[in-house]
Undergrad: 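Starting off with a structure, shown below.
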Amino acid sequence: MISLKDKDIISILDFTKEEILYILEISARMERETCPDILNGKILANLFFEPSTRTRLSFEAAMKRMGGQVIGFDELGTTSTVKGESLRDSVKIIEGYCDIIVLRHFLEGASRLTADSVSIPVVNAGDGASQHPTQTFVDLYAIMKAKGDIENLSVGFLGDLKYGRTAHSLAYALSHFNADMCFISPPSLRMPKDYIEELEIRDVSFQEVDSISEVSEKLDILYCTRIQKERFAEPVEYEKVRGLYKLSKSIMDELEIKDDLKILHPLPRVEEMDESLDATEYAMYFQQAHSGIPVREALLALVLGVIK
Ligand code: CP
């Protein structure tokens with residue numbers, strides 16, 4: 001019997017394959033059914049110390065669609081952090097105001113610190129360049145919908161694999177599903193050593209290449225990522241890699257690819273993916289973002305214990 005009641009969602013590595021599949025099953029149920037009252041009386045605190053559109057609003061919409069309420073903030077400047085209050089003190093106060101905390105923070109480890117400091121469930125909505133586990137459940141759900149299964153797929157990760165927290169979490173998750181992974185990036189934006197070592201321990205099949213043309217013909221899924229400008233210590237380093245990858249319909253037409261290749265992207269996009277792709281059969285990224293609602297409904301309902 002799987003129970004996720006009161007479980008923190010900090011790293012995708014905290015979830016077994018069975019738990020991941022169970023979350024996807026409940027997400028599909030949430031997409032089919034409406035549950036307008038199941039979180040009546042529950043309050044979610046959305047604590048966003050970094051910008052967000054999809055994650056914050058889909059958590060808010062998910063909570064409200066199930067009858068719950070939402071408090072929180074979306075910029076550090078309106079909080080007592082600017083007076084010098086520590087994150088630990090802030091969250092120890094906020095836990096008295098709500099039933100669950102959803103935290104996005106610029107520091108790696110901020111969600112773990114929060115979970116260790118409070119007695120209510122904590123959801124990592126992105127911590128620095130580390131992980132973004134709820135995006136991964138959204139990504140897996142989108143892959144499941146596109147391909148009917150998440151086992152045995154060839155998945156290309158394109159772009160900023162150094163700072164791209166969604167790529168880190170997804171690679172870990174796919175290690176449960178016999179994926180063949182291709183990490184496509186310039187050498188300076190390769191998947192960090194810690195992630196590579198963990199994938200090796202897990203005996204995952206992967207290769208690292210510079211160009212999509214080296215692997216495109218075998219891919220079932222192409223997972224594009226934005227180059228994370230805000231995480232570069234020096235602007236000149238960003239300028240060196242800016243615009244290095246630009247997918248467009250005409251580029252896809254030139255590549256050798258499978259007819260049923262699907263392109264995912266956690267969004268937002270900047271320069272790496274042209275709007276000419278949007279009307280193609282490859283584009284899955286808008287449906288992927290919309291899956292944020294049923295997936296986050298499932299996560300909230302499971303962690304708050306109203307679905308077992
Ligand atoms: N995918 C994602 O995390 O988007 P936001 O930054 O808009 O939340």
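Whatever order the structure lists them in is the order used to number ligands and atoms, beginning at 1.
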Undergrad: Is it true that S154 and D220 share a donor-acceptor pair across their side chains at a distance under 3.5 Å?
TA: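 No, no side-chain donor-acceptor pair sits under 3.5 Å.
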Undergrad: Decide, yes or no, whether a salt bridge links E281 with K258 under the criterion of side-chain N to carboxylate O below 4.0 Å.
TA: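 Judged by the 4.0 Å cut-off on N to carboxylate O distance, E281 and K258 do not form a salt bridge.
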Undergrad: Return yes when atom CD of E256 has more than 12 non-hydrogen atoms of other residues, nucleotides or ligands closer than 6.0 Å, and no otherwise.
TA: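 Result for CD/E256: open.
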Undergrad: Heavy-atom contacts with ligand 1 below 4.0 Å: which residues, ordered by chain and residue number?
TA: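 The 4.0 Å shell around ligand 1 contains S52, T53, R54, T55, R104, H132, Q135, P266, L267.
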Undergrad: Closer than 3.5 angstrom, by distance alone: can the side chain of K7 be matched with the main-chain N or O of V122 as a donor-acceptor pair?
TA: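 No, the answer is negative, given that no donor and acceptor are paired below the 3.5 Å cut-off.
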Undergrad: Is a side-chain donor-acceptor pair under 3.5 Å present for Q131 with N124?
TA: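 Distance-only check fails for N124 and Q131.
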Undergrad: Do any side-chain atoms of residues 30-43 form donor-acceptor pairs under 3.5 angstrom with protein atoms, and if so which ones, sequence neighbours left out?
TA:
{"unit_1": "E31", "atom_1": "OE1", "unit_2": "Y141", "atom_2": "OH", "d": "2.4"}
{"unit_1": "E31", "atom_1": "OE1", "unit_2": "K145", "atom_2": "NZ", "d": "3.2"}
{"unit_1": "E31", "atom_1": "OE2", "unit_2": "K145", "atom_2": "NZ", "d": "2.8"}

